[in-house]
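Keep in mind that what you see is a predicted model, and the values were worked out from it rather than measured. Lettering of chains follows the sequences in order, A, B, ..., and the numbering in each one begins at 1.
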Amino acid sequence: MTVNPLEIVRTCVSINISKELNIDPSIVKGAFTVPREEYGDLTIVSSKLLGGDRYINRVVRAVENCDYISRVDVVGMYVNMWFNRPRYTELVLNSVIVNGAEYGVYRDVKKRIVVEYVSANPVHPLHIGAARNAAIGSFIANINRAVGNDVQTRFYINDVGRQVAILVLGIKQLRSAEPPEGIKPDHWIGLVYAITNTIVEALSLRRKLELEGSDERKREIQRELDSLLVDAARLREQAPDIFDAILGGLRGLDIESEISKIMKGYEMGEEEISKQARNAVSLCIEGLNQTLKRFKAEIDVWDWESDLVWSGEVDRIVEELRKASSEYKGTLAVNFKQILEIEGIRDRLRIPRNLEIPPLVLLRSNGTSLYTVRDIAYSIKKFREYNADRVINVIASEQTLPQAQLRLALYTLGYHREAENLVHYSYEIVNVEGTKMSSRRGRIVTLDSVLEEAKVRSLAELEKRGAKSEEMAEIIGVAAVRFYLLSVTPSRPVKFSWDSVLNFERNSAPYLLYTFARTEGVFRKARELGIDLSWSKILEKADLHFAQNNLRRWRLVKMISEYPDVFYRSYTELDPSIMTTYMIRLADEFNSWYNEEPIVLEANESLRNSKLITTYAVNQILRSAFRILGIEALERL
RNA sequence: GGGCCCGUAGCUCAGCUAGGAUAGAGCGCCGGCCUCCUAAGCCGGUGGUCAGGGGUUCAAAUCCCCUCGGGCCCGCCA
């Protein structure tokens, strides 16, 4: 277990105060705040303690008993504390050296965790929104592994339903389902799907227009149709042959009944349809997998939704839910009214207090199943197959309601443990400025294109400094995109813009990689000069007073000591942005210091040793954080 | 109509869960710094009615209520 230097001081202070005032140490812990620099290193807001600031002098006396505190000062209600710098420096640097890359990494009681993420519809390439999911999901997997949990990542292939049926309908109109030479398979599938869908929607709107009586409605439909035709024209320009083939084939067909036939046929496992659908979806998945690998978002298990239907697992769920269902809008649905009346159920299942839960419809009138119902079977499977303590679904916030229904349905079926440990990790979507993304119309910013641009940009930068390398450009490009998507708090929407994703200055992964490479450069130089970098030996001969009268050095020591807190918060809140924000601050502090004074070239040996260890600490923290964020560290750049 | 998320500098974002001292970064803009361990860097300057109003409090960007603005959900779609 790695030590948390800051926590050691906080504990020391709070125990002393709690003894003096005879209060619980946790009350003292709630009174800490980090003051502005001129007011010290740590502050107790005395009015937050029991009895307000009446006992402030006793608080001061108590704090003075703590060895890590060298000076205490009272300003109003604030008890400002200055750390004993040499002692604290020793504590921090020693902790870094003893733990190395494990410094600051929290160790949790081992749990088994399934992370389901991405699970994008297998009918188009990944867009930048799915990329946020991929970045966050892989972060969740990485940080859980780092703390010692067993983690399995899964991708749910949603191949049952209308979208795949439309794709199959389109492919049927073509001579060959194989992608043409030189086009990535998911891009090919995305094109066929978008063309087919746009044509299907346009033809359906046209029919609606003919049947509509009201002029106002007519104008509305016409507007919708016009926008659809703009997309159609663009798609036709991209691939005229394919477009015309599909359009020609669909004309005169009763499209809705064709789609319904495919959906039914696929759910029943009809050979011809199943073969076509599996082929097409496999092509898409092949492409998605390529992109995810490139993006450092690995998937351990790929689950086919259709397998759940074919195996009868979905049927069994439907049968069991029937008992809990009643008549609703002419069909059968599960009503959660009774369950929701159980005391504290919303808290236990983490369902928003005021969220209204409509009944969950069991089956379509044509007998086919519905997504949320199939997902019940899938949730049970995830718990069962991995013997999981916890299943985390990384899914955009727009699915809050179906995810809540899912937990309630599990509870209804008696899967109480599963319902309570199924977590909907909700995040906000990515908005692309100017346009509205629509994969149904083939109007998306693909992750592939973003990664490609980032790579081109990285290559150009590398070329400037005479270090042109495709491999390095690839690593830097991926890092830049991942970091960009991870640095916004997940509960807030990301505004995507090419300018910010390709900005490689200050608040970016390239900046951090550069800082890391600088630390490596320091070690290279040291070895060149024949300095032995055995860290514990260096620590023995280090000057622990080196931050005593030097603010920059002291700030760095303190910042290094914050990493365990940052890691812990990032883990418990599963929030990568806590870590990214810290990394930037650490790099800023290091770079300012680096610019100000020599490290290896320091003439005084013990002083040089302290500086080397400080550099090593920054190096280790960045390395550790990179690993969690799925960024590959580069020794030079 | 009901619910959820969001509104902080011209732009992109921290800070809000657990209220504390003068609200922080980056980009942009202006001016400096490469005989020295990597200039994707460093230093200085510029820039804010924390959407608005009310309340709670010794203390509110942070908690509560209302209003305004943006996004999403309320489907026999996923």
(request) Specify the separation, in whole Å, of atom CZ of A:F32 and atom P of B:A18. (result) 19 Å
(request) Write down the distance between CZ (A:F590) and C1' (B:A40), rounded to a whole number of angstrom. (result) 15 Å
(message) When you measure only distances, ignoring hydrogens and angles, does the side chain of A:R636 come within 3.5 Å of the base of B:U38 through a donor and an acceptor?
(response) no
(request) Compare the minimum distances between each of B:C42, B:C73, B:A21 and the side chain of A:E398, then state the nucleotide with the smallest one. (result) B:C73
(request) Classify the side chain of A:R465 and the base of B:A40 as holding, or not holding, a donor-acceptor pair under 3.5 Å. (result) yes
(message) For a quick check of understanding: with a heavy-atom distance under 4.0 Å over all strands, which category does A:L637 fall into, base, sugar-phosphate or nothing?
(response) base
(request) Please state how far atom CG in A:D73 lies from atom C1' in B:A21, giving the value in whole angstrom units. (result) 13 Å
(message) Using whole Å, what does the distance between atom P of nucleotide B:A25 and atom CG of A:L586 come to?
(response) 16 Å
(message) If the threshold is 4.0 Å, N to carboxylate O, is there a salt bridge linking A:E258 and A:K261?
(response) yes
(message) In whole Å, measure the gap between the P atoms of B:C13 and B:C4 for me.
(response) 24 Å
(request) Could you tell me whether the side chains of A:S306 and A:D159 share a donor-acceptor contact shorter than 3.5 Å? (result) yes
(message) Show, in sequence, the C-alpha distance, side-chain angles and deciding distance for A:E428 and A:R132, and conclude whether the salt bridge (charged side-chain N to carboxylate O under 4.0 Å, His left out) test is met.
(response) CA-CA 9 Å; A:E428 276 298 330; A:R132 188 181 199 192; over 6 Å; no
(request) For A:R518 and B:A39, give me the distance from atom CZ to atom C1', rounded to whole Å. (result) 7 Å
(request) Measure the distance from CD1 on A:I351 to C1' on B:C4 and round it to the nearest whole Å. (result) 14 Å
(request) For the pair A:R154 and A:E116, find out whether any cationic side-chain nitrogen is under 4.0 Å from an anionic carboxylate oxygen. (result) no
(request) Choose from B:A14, B:C27, B:A78 the nucleotide whose nearest atom is closest to any side-chain atom of A:T581. (result) B:A14
(request) For B:G7 and B:U17, measure between their P atoms and round to the nearest Å. (result) 13 Å
(request) Would you mind telling me which of B:G41, B:G3, B:U8 lies closest to the side-chain atoms of A:N591? (result) B:G41
(message) Starting the side chain at C-beta, find the nucleotide from B:G20, B:C76, B:C27 nearest to A:V361.
(response) B:C76
(message) Tell me if the centroids of the rings in A:W535 and A:F523 come within less than 6.0 Å of each other.
(response) yes
(request) Decide, applying a 5.5 Å centre-distance limit and a 30° plane-angle limit (both strict), whether A:Y514 stacks on B:G41. (result) no
(request) Would you mind telling me which of B:A25, B:A40, B:A14 lies closest to the side-chain atoms of A:D588? (result) B:A25
(request) Using the P atom on both, measure B:G54 against B:A59 and round to a whole Å. (result) 16 Å
(message) Quick one: does any side-chain atom of A:S592 pair with a main-chain N or O of A:D588 as donor and acceptor, under 3.5 Å?
(response) yes
(message) With rounding to the closest Å, how many angstrom separate the P atoms on B:A51 and B:A61?
(response) 10 Å
(request) Establish whether the base of B:G41 is bridged to the side chain of A:T515 by a donor-acceptor pair shorter than 3.5 Å. (result) no
(message) From CG of A:N507 over to C1' of B:A14, roughly how many Å is that when rounded to an integer?
(response) 9 Å
(message) Under 4.0 Å, counting only non-hydrogen atoms across every strand here, what does A:S491 touch: a base, just sugar-phosphate, or nothing?
(response) sugar-phosphate
(message) For the C1' atoms, the ones on B:G48 and on B:U22, what distance do you get once it is rounded to whole angstrom?
(response) 14 Å
(request) Indicate, yes or no, whether a donor-acceptor pair under 3.5 Å links the base of B:A21 to the side chain of A:T43. (result) yes
(request) Take atom P in B:C66 and the same atom in B:C5, then report the distance between them in whole Å. (result) 14 Å
(message) With a 3.5 Å cut-off and heavy atoms only, can you find an N or O donor on one side and an acceptor on the other between the side chain of A:S365 and the base of B:C76?
(response) yes
(request) Between B:A21, B:G41, B:C37, spot the one nearest the side chain of A:P35, thanks. (result) B:A21
(message) Using the C1' atom as the point on both nucleotides, what is the distance between B:C68 and B:G28, in whole Å?
(response) 30 Å
(request) Mark yes or no: A:R457 above the aromatic ring of A:F504, with NZ or CZ under 6.0 Å from the six-membered ring centre and no more than 45 degrees from the axis. (result) yes
(request) Please measure how far the C1' atom in B:G15 lies from the corresponding atom in B:A60, and state the result in whole Å. (result) 14 Å
(message) For a quick check, tell me whether the side chain of A:N80 and the base of B:A21 share a donor-acceptor pair closer than 3.5 Å.
(response) yes
